[in-house]
Amino acid sequence: MALPPDRLDRFARHIVLPEIGGAGQAALAKAKVVLIGLGGIGSPALQYLAGAGVGTLVLVDDDTVDVTNLQRQTIYGEGSVGSSKAELAAVWAHQFDELLDARAVAKRITPENAADVIAGSDLVLDGCDNFATRLAVSDACVAARVPLLSAAVGRFQGQVGAFAGHLPEQPCYRCFVGDAFDADDCDTCAEDGVLGAMAGWTGTFAALQAIRVLLAPVGGLGDPQWGKLHLLDGLAPSLRTMTIAKDSACKGCA
Ligand SMILES: [Zn+2]
């Protein structure tokens, strides 16, 4: 599938990279990514995934913009306060690149609706703020055989992990955190604070890892790094990587 000339111009700095090239850019144009949470992680992740020409973006958030979000949620401004994050994110994407298919889903993800929301996607990037949603998303991804990038941030710490729990040797997000948090609904940002730029680093790192996963079928950036959790420390600063083991008793993927 060849891209038209104006798209070749737009993505020229990608296409010149041997790791991407025309085939990689075409793969990004064909890709469908579901973004769960359009907050401190989802905002910059959306900006770089849209910038990278990811063709279809499903934008999921049931929240509205609060004035305290503006310190880190980069796609919103003062005029956004009180409006739906999912709807505003879709408007942002259309204004940024009218050829992108950006769809708003202004709903909270639950175990009941997660399968419908992620159906047919190539990747889910979860940057939401609570464990109940994260675990519902993880279980639905395993069932639908869709890879999951899970990203979280608080204070000066971020984490980004790639999960493919549907594969026999690979862990899911539930293997990592266990079952203790299914009922948890805390928003750690409200309690602990978060440096805005730290959310930006975590969100853009998640976008980089998303592009890695999407390009894996055409060679791209190599190994998709399933089961690797990257820990971003903004105070040190440093980046550490740990390996998550598959839990043979996991109720999500075993
Ligand atoms: Zn598991």
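Values below: every heavy atom of this structure, side chains too, minus hydrogens, waters and symmetry copies. Each residue takes its place number in the sequence, starting with 1.
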(request) Quick one: which residue pairs count as a ring-ring contact (aromatic ring centres under 6.0 Å, His included) with a foot in residues 62-121, not counting sequence neighbours? (result) W92-F96

(request) To the nearest 0.5 angstrom, please state how far the CG atom of L49 sits from the CD1 atom of I211. (result) 5.5 Å

Please output the side-chain donor-acceptor pairs of residues 196-210 that fall under 3.5 Å, not counting sequence neighbours, one pair per line with the distance.
{"from": "T202", "atom 1": "OG1", "to": "M198", "atom 2": "O", "distance (Å)": "2.9"}
{"from": "T204", "atom 1": "OG1", "to": "G200", "atom 2": "O", "distance (Å)": "2.8"}
{"from": "T204", "atom 1": "OG1", "to": "W201", "atom 2": "O", "distance (Å)": "3.2"}
{"from": "Q209", "atom 1": "OE1", "to": "R212", "atom 2": "NE", "distance (Å)": "3.0"}
{"from": "Q209", "atom 1": "OE1", "to": "R212", "atom 2": "NH2", "distance (Å)": "3.2"}
{"from": "Q209", "atom 1": "NE2", "to": "Q225", "atom 2": "OE1", "distance (Å)": "3.3"}
{"from": "Q209", "atom 1": "NE2", "to": "H230", "atom 2": "NE2", "distance (Å)": "3.4"}

(message) Using every non-hydrogen atom in the two residues, find where G127 and I41 come nearest and quote the distance to one decimal.
(response) CA-CG2, 4.0 Å

(message) Between Q73 (side chain only) and T68 (backbone N and O only), is there a donor and an acceptor less than 3.5 Å apart?
(response) no

(request) List for me each residue that meets salt bridge (charged side-chain N to carboxylate O under 4.0 Å, His left out) alongside R103, sequence neighbours excluded, and say none if there are none. (result) D101

Donor-acceptor contacts, no H, no angles, side chain residues 113-121, under 3.5 Å, sequence neighbours left out:
{"from": "N113", "atom 1": "OD1", "to": "T110", "atom 2": "N", "distance (Å)": "2.8"}
{"from": "N113", "atom 1": "OD1", "to": "T110", "atom 2": "OG1", "distance (Å)": "3.4"}
{"from": "N113", "atom 1": "ND2", "to": "R108", "atom 2": "O", "distance (Å)": "2.9"}
{"from": "S121", "atom 1": "OG", "to": "I118", "atom 2": "O", "distance (Å)": "2.7"}

(request) State, to 0.1 Å, how close L148 and C141 come at their nearest heavy-atom pair, and which atoms those are. (result) CB-SG, 4.0 Å

(request) Nearest 0.5 Å please: distance from the CG atom of L35 over to the CG atom of D61. (result) 10.0 Å

(message) Would you say that W226 contacts P147 through its side chain, given a criterion of any heavy-atom pair below 4.5 Å between the two side chains?
(response) yes

(message) For a quick test of reading the model, state the closest non-hydrogen atom pair linking A31 to V54 and the distance between them.
(response) O-CG1, 3.8 Å

(message) Any non-hydrogen side-chain atom of L123 less than 4.5 Å from a side-chain atom of L214?
(response) yes

(request) Please identify each residue that fulfils side-chain contact (heavy atoms from CB on, under 4.5 Å) with V91, with sequence neighbours left out. (result) Q95

(request) Scan residues 11-52 for pairs that pass ring-ring contact (aromatic ring centres under 6.0 Å, His included), counting only residues two or more places apart or in two chains. (result) none

(request) Please collect all side chain to side chain donor-acceptor pair (under 3.5 Å) contacts where either partner lies in residues 144-159, sequence neighbours excluded, each pair once. (result) R134-S150

(request) Compare every heavy atom of V34 with every heavy atom of V60, then report the nearest pair and how far apart it is. (result) CG2-CG1, 3.9 Å

(request) Mind running side-chain contact (heavy atoms from CB on, under 4.5 Å) on L149 and V124 for me, showing each step along the way? (result) CA-CA 6 Å; L149 267 180; V124 173; over 6 Å; no

(request) Applying side-chain contact (heavy atoms from CB on, under 4.5 Å), run through S84 and L88 and close with a yes or a no. (result) CA-CA 6 Å; S84 158; L88 287 172; 5.9 Å; no

(request) Please round to the nearest 0.5 Å and tell me the distance separating atom CZ of F176 and atom CD1 of I244. (result) 5.0 Å

(message) Run the side-chain hydrogen bond (donor to acceptor under 3.5 Å, both in side chains) test against R7 and tell me which residues pass, sequence neighbours left out.
(response) D97

(message) Starting from L57, can I reach L99 by hopping between I/L/V/M/F/W/Y residues whose side chains sit under 4.5 Å apart?
(response) no

(message) Between D122 and V33 (side chain of the first, backbone of the second, donor and acceptor by atom type, cut-off under 3.5 Å), is there such a pair?
(response) no

(message) Can you tell me which residue among N130, L135, D129 is in a side-chain contact (heavy atoms from CB on, under 4.5 Å) with T133?
(response) N130

(message) Using 30° and 60° as the class boundaries, would you call the ring planes of F163 and Y173 parallel, tilted or perpendicular?
(response) perpendicular

(request) Please test E169 against K246 for side-chain contact (heavy atoms from CB on, under 4.5 Å), starting from the C-alpha separation and ending with a verdict. (result) CA-CA 7 Å; E169 305 299 322; K246 192 173 184 89; 5.8 Å; no

(request) Write down the atom of A86, the atom of V105, and the distance for their closest heavy-atom approach. (result) CB-O, 3.8 Å

(request) Check side-chain contact (heavy atoms from CB on, under 4.5 Å) between V142 and all other residues, then give those that pass, not counting sequence neighbours. (result) C172, C253

(request) Report yes or no: do V16 and L3 belong to one cluster of Ile/Leu/Val/Met/Phe/Trp/Tyr joined by side chain heavy-atom distances under 4.5 Å? (result) no

(request) Determine, step by step, whether L229 and T241 satisfy the side-chain contact (heavy atoms from CB on, under 4.5 Å) criterion, reporting the C-alpha distance in whole Å, the side-chain angles of both residues, the deciding distance to 0.1 Å, and the verdict. (result) CA-CA 6 Å; L229 186 76; T241 302; over 6 Å; no

(message) To check you understand the geometry: which heavy-atom pair defines the closest contact between A89 and L38, and what is its length?
(response) CB-CG, 3.7 Å

(request) Using a 4.5 Å cut-off on heavy atoms from C-beta on, say whether the side chain of L46 contacts that of I75. (result) yes

(message) Among residues at least two apart in sequence or on other chains, which ones pass side-chain hydrogen bond (donor to acceptor under 3.5 Å, both in side chains) with T64?
(response) none

(request) Could you name each residue pair satisfying salt bridge (charged side-chain N to carboxylate O under 4.0 Å, His left out) that touches residues 219-233, not counting sequence neighbours? (result) none

(request) Can you tell me which residue pairs pass the salt bridge (charged side-chain N to carboxylate O under 4.0 Å, His left out) test with a partner in residues 85-95, sequence neighbours excluded? (result) D63-K85

(request) State whether the side chain of D139 and the backbone N or O of A136 hold a donor-acceptor pair below 3.5 Å, judged by distance alone. (result) no

